[in-house]
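When a residue number appears, it is its place in the shown sequence, counting from 1.
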Amino acid sequence: MVDNNTNWLGQRLGARGVLTSSDLDALSKLPLTQREFDPGQYLLREGDRPKVCSYLKSGFVYRHKIVGDGGRQIVSVHVPGDFVDAQNILLEQSDHNIQALTDTVMLMVPIDDLLAVAMAHPAITKALWRETLVEAAIMREWVANVGRRDARARTAHMLCEMAVRREAAGLGPRETFDLPMTQEQLGDTLGLTAVHVNRTLKTLELDGLITRNKRSVTVANWRELRSVGDFTANYLHLTNGVSTWSGESRSAHD
């Protein structure tokens with residue numbers, strides 16, 4: 001168990017809706033277990049019965065589906081401050097896999113306990129509902145990105161999203177950030193081969209939009225990168241650009 005002096009759940013859900021002191025008190029009393037995961041370690045496998053709702057305290061995790069020929073499609077990446085599997089709390093079985101992308105620290109609350117609190121506190125239910133709706137909005141954008149944008153645009157779009165979400169999570173400015181993914185993982189995210197990803201990133205560099213040093217990315221021209229990626233941050237549903245984790249950021253539309 002962990003000392004819940006900081007009400008992590010209240011902090012996140014409070015960003016999704018107005019919670020009363022009674023709501024926050026109920027969330028602060030939920031039993032939380034802290035668990036660490038190594039890169040590549042599974043949090044949940046397809047077919048498992050979800051037992052906990054996980055909150056990402058630090059590190060990065062990703063969801064993916066394995067198709068019939070063994071290919072992998074990464075369908076989302078989560079940053080610190082995200083609920084990782086709120087969408088599973090009312091399902092009997094997971095229909096996808098969740099894996100740690102980096103060294104990761106998770107806070108886990110038993111689903112039955114969270115549901116009991118939610119049922120007794122309508123504002124918490126509404127905040128959890130909104131949380132899953134935002135996840136769905138991001139996933140819709142990912143479908144549109146892979147399905148309708150070319151390789152250059154979808155890569156630029158993904159870089160813009162990660163920059164904004166990292167900044168909103170208090171991990172530093174959008175202009176310079178670490179992208180914690182291999183080119184193979186980027187390919188599985190963007191529906192491209194690793195070779196195509198490498199070629200596309202080099203093109204963005206040659207065009208003067210980004211520079212790279214290993215996994216560090218510096219955005220040299222944010223306005224043009226956003227234009228190339230057809231990126232607007234409205235689908236992220238950030239609240240006035242204010243971080244839901246540990247600080248403030250500029251407007252995500254700048």
Side-chain angles (χ1 to χ4, degrees), residues 1-37 41 43-44 50-63 76-91 94 98 100-138 162 164-172 180 233 236-252:
M1 304 296 289
V2 297
D3 182 0
N4 199 18
N5 289 330
T6 300
N7 190 351
W8 308 111
L9 301 181
Q11 183 174 330
R12 177 64 179 201
L13 292 178
R16 297 299 188 200
V18 178
L19 300 182
T20 67
S21 58
S22 175
D23 298 327
L24 293 171
D25 183 59
L27 288 171
S28 72
K29 293 176 180 177
L30 283 169
L32 291 179
T33 300
Q34 180 169 298
R35 184 176 173 189
E36 298 179 0
F37 293 85
Q41 189 172 354
L43 284 70
L44 194 68
K51 297 179 180 178
V52 297
C53 184
S54 303
Y55 178 79
L56 183 53
K57 185 177 179 182
S58 66
F60 296 82
V61 304
Y62 64 105
R63 304 173 186 275
S76 66
V77 174
H78 290 278
V79 303
D82 283 356
F83 275 102
V84 173
D85 50 9
Q87 60 187 258
N88 275 331
I89 61 177
L90 291 175
L91 300 178
S94 176
I98 304 177
L101 187 58
T102 64
D103 290 323
T104 299
V105 177
M106 305 295 303
L107 299 179
M108 298 179 165
V109 58
I111 286 177
D112 290 344
D113 293 293
L114 180 59
L115 284 176
V117 166
M119 295 304 176
H121 296 263
I124 294 176
T125 301
K126 185 176 179 179
L128 282 169
W129 190 359
R130 184 173 176 84
E131 184 73 28
T132 61
L133 292 175
V134 173
E135 283 190 15
I138 294 173
M162 290 303 297
V164 168
R165 289 177 66 194
R166 288 178 58 104
E167 183 181 66
L171 300 180
L236 298 174
H237 297 279
L238 300 173
T239 307
N240 297 323
V242 177
S243 169
T244 55
W245 179 246
S246 59
E248 294 185 348
S249 70
R250 301 171 303 178
S251 167

Problem - Nearest atoms (heavy-atom pairs only) where Pro80 meets Ser58 - result: CG-CA, 4.1 Å
Fill in the blank from the handout: When every non-hydrogen atom of Val61 is compared with those of Ala100, the smallest separation belongs to CG1-CA, 4.0 Å
Handout entry: side chain to side chain donor-acceptor pair (under 3.5 Å) partners of residues 102-114, not counting sequence neighbours, each pair once
Key = none
Problem - Short side-chain to backbone donor-acceptor contact, Arg165 and Val77, under 3.5 Å - result: yes
Exercise for the section: Heavy atoms only: give me the nearest Met162-Phe60 pair and the separation to one decimal. Expected result: CE-CE2, 4.4 Å
Handout entry: side chain to side chain contact (heavy atoms under 4.5 Å, CB included) between Leu24 and Leu13, worked out
Key = CA-CA 9 Å; Leu24 293 171; Leu13 292 178; over 6 Å; no
Handout entry: salt bridge (charged side-chain N to carboxylate O under 4.0 Å, His left out) partners of Glu135, counting only residues at least two apart
Key = Arg63
Completion exercise
Sorted by chain and residue number, the side-chain contact (heavy atoms from CB on, under 4.5 Å) partners of Ile138 (sequence neighbours excluded) come out as Val134, Trp142, Glu161, Tyr235, Leu236
Exercise for the section: Using side-chain contact (heavy atoms from CB on, under 4.5 Å) as the criterion, list what pairs up with Ala137, not counting sequence neighbours. Expected result: Arg140, His237
Exercise for the section: Go through the structure and list residues passing side-chain contact (heavy atoms from CB on, under 4.5 Å) with Gln41, not counting sequence neighbours. Expected result: Arg35, Phe37, Asp38
Exercise for the section: Work out which heavy atom in Val84 is nearest to a heavy atom in Ile98; give both atom names and the distance. Expected result: CG1-CG2, 3.7 Å
Exercise for the section: Kindly give the heavy-atom pair with the smallest separation between Leu27 and Gly10, and that separation in Å. Expected result: CD1-CA, 3.7 Å
Practice task
Using the side chain to side chain contact (heavy atoms under 4.5 Å, CB included) rule, pick out the option among Leu43, Thr33, Val52 that qualifies with Met106.
Solution key: Leu43
Handout entry: Interatomic spacing from NZ in Lys51 to CG in Leu44 - rounded to 0.5 Å
Key = 10.5 Å
Fill in the blank from the handout: Only residue of Ile89, Leu32, Val117 satisfying side chain to side chain contact (heavy atoms under 4.5 Å, CB included) with Val109 is Leu32
Practice task
Check side-chain contact (heavy atoms from CB on, under 4.5 Å) between Leu133 and all other residues, then give those that pass, not counting sequence neighbours.
Solution key: Trp129
Problem - Heavy-atom closest contact (Cys53 atom, Phe83 atom, distance) - result: SG-CD2, 3.7 Å
Exercise for the section: Sequence neighbours left out, what pairs pass side chain to side chain donor-acceptor pair (under 3.5 Å) with at least one residue falling in residues 114-126? Expected result: Asp23-His121
Practice task
Hey, could you give me the CD1/CZ distance between Ile124 and Arg16, rounded to the nearest 0.5 Å?
Solution key: 15.5 Å
Handout entry: Side-chain donor/acceptor of Asp85 to backbone N/O of Ser54, under 3.5 Å
Key = yes
Completion exercise
Rounding to 0.5 Å, atoms CG (Leu19) and CG (Asn7) come to a distance of 9.0 Å
